[in-house]
Amino acid sequence: MIGLQSLPDDPFQRLVISIFRLNGALIAKGDRLVSDLGLTSARWQVLGAAAAAPVPLTVASIARNMGLTRQTVRTTVRELEAAGFVRLAPNPHHQRAHLVVPTAAGEHAFGAAMERQVAWGEGLVRDHDAERITAAADLLQALLAQIHDARIDDETAEEA
């Protein structure tokens with residue numbers, strides 16, 4: 001178990017380090033949860049973005065929505081396509097930016113992954129208050145929004 005004694009005293013630094021550690025643990029557990037489905041956490045994330053979207057998305061749209069680079073998503077989409085989990089469809093709005101469309105196999109793999117994640121997640125949070133979890137998620141979303149706003153401000157300042 002990772003102890004809090006190894007975290008700095010500054011609350012923000014504690015939060016950042018905890019998020020990094022949690023992210024690493026989530027990726028490792030995600031990889032183990034879905035490996036027999038032909039997925040990794042990265043593939044699951046990109047497949048999920050495509051499967052959950054109300055309309056087919058481009059690689060750039062998935063990257064933007066997930067906070068990933070286009071190159072990372074492009075590579076992952078190629079892996080998913082080779083595995084038969086997605087297909088690239090023509091985009092009527094852009095000749096070169098194809099749409100990422102989950103296949104039946106991709107929908108099945110994503111559904112199976114989500115069933116496992118729900119069961120695992122329910123066990124993980126069973127002993128934690130729902131209000132506290134919601135508050136943590138709200139805080140993370142607020143910080144994310146501030147970071148995005150700051151990025152826009154930084155980009156605007158660089159252009160000046």
Side-chain angles (χ1 to χ4, degrees), residues 1-34 39-81 85-86 88-89 91-102 106 110 113-114 116-118 120-122 124-160:
M1 173 115 185
I2 298 174
L4 292 178
Q5 69 277 7
S6 63
L7 293 172
D9 291 332
D10 176 78
F12 181 71
Q13 293 303 319
R14 289 173 68 90
L15 179 64
V16 169
I17 290 170
S18 295
I19 290 168
F20 286 160
R21 289 177 177 173
L22 178 61
N23 183 58
L26 287 171
I27 290 170
K29 179 62 177 182
D31 286 345
R32 289 191 303 276
L33 267 176
V34 298
L39 295 173
T40 63
S41 290
R43 288 180 183 184
W44 182 9
Q45 182 181 22
V46 171
L47 179 60
V55 296
L57 300 174
T58 64
V59 165
S61 295
I62 292 171
R64 195 170 31 258
N65 292 348
M66 302 305 292
L68 302 169
T69 66
R70 280 182 287 182
Q71 185 58 42
T72 297
V73 173
R74 187 177 302 115
T75 298
T76 304
V77 165
R78 285 182 185 139
E79 293 172 1
L80 288 166
E81 185 180 29
F85 292 139
V86 299
L88 296 178
N91 182 349
H93 304 291
H94 194 288
Q95 187 175 5
R96 291 180 43 207
H98 291 85
L99 300 171
V100 180
V101 180
F110 179 70
M114 292 309 297
R116 294 175 187 189
Q117 185 270 334
V118 167
W120 173 71
E122 287 174 354
L124 187 65
V125 300
R126 182 175 296 126
D127 297 330
H128 299 280
D129 185 304
E131 288 180 20
R132 194 169 169 212
I133 294 168
T134 300
D138 290 346
L139 172 62
L140 293 175
Q141 287 300 315
L143 291 171
L144 181 61
Q146 284 181 272
I147 289 169
H148 282 292
D149 288 346
R151 186 179 336 143
I152 291 169
D153 292 342
D154 292 344
E155 291 169 357
T156 303
E158 289 173 7
E159 292 173 3

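Just so it is clear, the model here is predicted, and its values are computed rather than measured. All values below were derived from every heavy atom in this structure, side-chain atoms included, with hydrogens, water molecules and symmetry-related copies excluded.
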Participant: Distance from Leu144 atom CG to Leu139 atom CG, nearest 0.5 Å?
Facilitator: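 Separation between the atoms: 11.0 Å.
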Participant: Taking all non-hydrogen atoms of both residues, which atom of Val77 and which atom of Val46 are closest, and how far apart?
Facilitator: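 Where Val77 meets Val46 most closely, the heavy atoms are CG2-CG1, 3.8 Å.
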Participant: Atom NE2 in His98, atom CD in Glu81: separation rounded to 0.5 Å?
Facilitator: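 So the NE2 of His98 and the CD of Glu81 are separated by 9.5 Å.
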Participant: For Leu68, does its backbone N or O pair with a side-chain atom of Thr72 as donor and acceptor, under 3.5 Å?
Facilitator: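 Flag not set: sc Thr72 to bb Leu68 has no pair under 3.5 Å.
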Participant: For Ala60, check side chain to side chain contact (heavy atoms under 4.5 Å, CB included) against everything at least two apart and list the hits.
Facilitator: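 Checked Ala60 against side chain to side chain contact (heavy atoms under 4.5 Å, CB included); matches are Thr58, Arg64, Arg70.
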Participant: For Arg78, give me all partners under salt bridge (charged side-chain N to carboxylate O under 4.0 Å, His left out), at least two apart in sequence or on another chain.
Facilitator: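 Arg78: no salt bridge (charged side-chain N to carboxylate O under 4.0 Å, His left out) contacts found.
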Participant: With Ile133, which residues qualify under side chain to side chain contact (heavy atoms under 4.5 Å, CB included), at least two apart?
Facilitator: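 In terms of side chain to side chain contact (heavy atoms under 4.5 Å, CB included), with neighbours along the sequence ignored, Ile133 is linked to Val125, His128.
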Participant: What heavy-atom pair brings Gln117 and Leu33 nearest, and what distance separates the two atoms?
Facilitator: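 Between these two residues, the closest heavy atoms are CA-CD1, 4.4 Å.
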Participant: With a 4.5 Å heavy-atom cut-off, do Leu80 and Pro102 have their side chains touching?
Facilitator: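 Leu80 does not reach Pro102 side chain to side chain.
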Participant: For Leu47 and Phe110, which heavy atoms make the closest approach, and how far apart are they?
Facilitator: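 Shortest heavy-atom contact: CD2-CB, 3.9 Å.
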Participant: Would you give the length of the straight line joining atom CD of Gln45 to atom CG of Leu39, rounded to the nearest 0.5 angstrom?
Facilitator: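 Between Gln45 CD and Leu39 CG, I get 12.0 Å after rounding to 0.5 Å.
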Participant: How long is the straight-line distance from CZ of Phe12 back to CG of Leu15, given to the nearest 0.5 Å?
Facilitator: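 Rounded to the nearest 0.5 Å, the CG-CZ separation comes out at 6.5 Å.
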Participant: Ignoring hydrogens, what is the shortest heavy-atom contact between Thr76 and Arg43? Give both atom names and the distance.
Facilitator: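 Minimum heavy-atom contact is CG2-CA, 3.7 Å.
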Participant: I'd like to know whether Arg21 forms a side chain to side chain contact (heavy atoms under 4.5 Å, CB included) with Leu7, so could you lay out the CA-CA distance, the side-chain angles of the two residues, the decisive distance to 0.1 Å, and finally the verdict.
Facilitator: CA-CA 11 Å; Arg21 289 177 177 173; Leu7 293 172; 3.4 Å; yes
Participant: Assess, by modelled atom type and distance only, whether the side chains of Ser41 and Asp31 contain a donor and an acceptor separated by less than 3.5 Å.
Facilitator: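 The criterion, which ignores hydrogens and geometry beyond distance, is satisfied for Asp31 and Ser41.
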Participant: Could you pull out the closest heavy-atom pair between Pro56 and Val101, with the gap in Å?
Facilitator: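 Shortest heavy-atom contact: CB-CG2, 4.1 Å.
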Participant: So, Asn91 side chain and Ala97 main chain: donor-acceptor pair closer than 3.5 Å or not?
Facilitator: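 Judged by distance alone, yes, a pair lies under 3.5 Å.
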Participant: Would you confirm whether Ser61, through its side chain, and Leu57, through its main-chain N or O, come within 3.5 Å as a donor-acceptor pair?
Facilitator: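 A pair under 3.5 Å: no.
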Participant: Flag the pair Val34 / Thr40 as yes when at least one side-chain heavy-atom distance between them is below 4.5 Å, and no otherwise.
Facilitator: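 Counting from C-beta outward, Val34 and Thr40 never come under 4.5 Å.
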